[in-house]
Amino acid sequence: MNLAVFASHNGSALDVIYTAIEKGELQFNLKLVISNNSDAKVLKKAKNYNIKHTVINAKLFESPDLVIFELLKRENIACVFLAGYMKKLSLLITRNFKVINSHPALLPKFGGNGMYGRFVHEAVIKNKEKVSGVTIHEVNENYDEGKIILQKSLEIHPNETVEKLEERIKELEKSTILEGLQQCLN
Ligand code: GRF
């Protein structure tokens with residue numbers, strides 16, 4: 001099954017997915033990386049991994065989502081994984097491809113517009129939550145509202161800092177992403 005990864009910055013999930021495929025732990029053909037950000041580190045990673053990669057954004061194209069749609073079709077992509085992709089995808093994409101996202105909290109709480117990166121962990125700690133975690137979910141036309149595929153949780157330590165929680169969630173995310181993608185294969 002052909003997989004594409006979209007990311008706006010580091011795209012740290014690309015490393016996790018690539019390594020799992022190399023080890024034969026995940027049966028995807030990692031065929032394409034798309035970023036909206038020409039400075040994204042994920043593009044350098046894709047180059048190093050010898051994965052086809054491209055930048056698609058409104059500065060370069062009048063209808064970015066149409067360009068994305070056509071490229072996904074041309075590359076016969078079945079599944080798109082969002083590894084920190086900050087642009088909302090149109091129905092054209094979400095209705096024609098299985099799009100999966102990893103969110104660094106236990107949706108439906110702490111999701112939606114503006115809830116990304118450290119803002120999520122700040123809100124969780126400010127809300128004195130006892131647990132947080134990772135949600136792998138299908139992506140529809142609304143932020144963080146698609147069908148939940150898998151969730152994994154962890155206990156928040158007393159007086160835990162935002163940085164520490166973010167670090168532990170990113171670690172938990174590695175296995176959660178792989179299990180979530182595996183479920184999409186099955
Ligand atoms: C991930 O941690 C994920 O939770 C969210 O975006 C983050 C991307 O982080 N979807 P990075 O750019 O891979 O470091």
Side-chain angles (χ1 to χ4, degrees), residues 3-21 26 28 30 32-49 51 53-57 68 79-89 93-94 97-125 129 131-154 156 160-184:
L3 174 70
V5 169
F6 292 10
S8 298
H9 302 290
N10 306 323
S12 36
L14 182 72
D15 302 305
V16 175
I17 295 166
Y18 180 84
T19 305
I21 291 171
L26 194 63
F28 273 106
L30 185 38
L32 176 64
V33 169
I34 294 179
S35 183
N36 60 305
N37 171 12
S38 53
D39 297 326
K41 286 193 184 125
V42 74
L43 297 168
K44 291 183 189 65
K45 291 179 180 179
K47 186 175 169 57
N48 293 340
Y49 290 146
I51 299 169
H53 52 284
T54 189
V55 179
I56 300 176
N57 61 37
I68 291 172
C79 184
V80 174
F81 183 80
L82 305 185
Y85 185 70
M86 297 298 149
K87 307 299 281 182
K88 188 179 276 193
L89 290 169
I93 310 292
T94 57
F97 299 93
K98 182 181 272 281
V99 183
I100 298 161
N101 184 48
S102 169
H103 184 73
L106 296 173
L107 293 175
K109 293 177 79 174
F110 305 107
N113 212 352
M115 274 291 146
Y116 60 89
R118 63 173 289 124
F119 299 118
V120 176
H121 312 299
E122 278 172 359
V124 165
I125 286 177
E129 296 292 329
V131 294
S132 189
V134 177
T135 302
I136 308 295
H137 64 96
E138 291 184 8
V139 172
N140 62 22
E141 55 278 14
N142 302 312
Y143 278 124
D144 301 329
E145 286 182 9
K147 175 173 150 288
I148 290 176
I149 296 169
L150 175 67
Q151 288 189 309
K152 279 189 175 181
S153 62
L154 53 69
I156 297 176
E160 182 155 21
T161 64
V162 169
E163 289 70 24
K164 189 65 189 160
L165 180 58
E166 181 166 39
E167 183 188 310
R168 290 202 302 132
I169 291 281
K170 275 192 174 292
E171 190 54 36
L172 179 64
E173 209 165 17
K174 292 175 182 173
S175 59
T176 313
I177 286 168
L178 296 179
E179 276 183 51
L181 280 171
Q182 185 58 49
Q183 285 191 29
C184 295

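We count ligands from 1, going down the list as the structure has it; atoms in each ligand are counted the same way.
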Student: Quick one about Asn36 and Ser8 (side-chain donor to acceptor, distance below 3.5 Å, no hydrogens or angles considered), yes or no?
Tutor: yes
Student: If you count every heavy atom of other residues, nucleotides or ligands that lies below 6.0 Å from Lys152 atom NZ, does the total exceed 12?
Tutor: yes
Student: Using a 3.5 Å distance criterion without hydrogens, assess whether the side chain of Ser102 forms a donor-acceptor pair with backbone atoms of Ile136.
Tutor: no
Student: So Tyr18 and Tyr49, would you call those rings parallel, tilted or perpendicular, with 30° and 60° as cut-offs?
Tutor: parallel
Student: List in chain and number order the residues that pass salt bridge (Lys or Arg N to Asp or Glu O under 4.0 Å) with Lys47, two or more places apart in sequence or in another chain; answer none if no residue qualifies.
Tutor: none
Student: With rounding to the nearest 0.5 Å, note down the distance linking NZ in Lys41 to OG in Ser12.
Tutor: 10.5 Å
Student: Using a threshold of 4.0 angstrom between heavy atoms of the protein and any atom of ligand 1, which residues qualify?
Tutor: Asn10, Gly11, Ser12, Gly84, Asn101, Ser102, Pro104, Lys170, Glu173
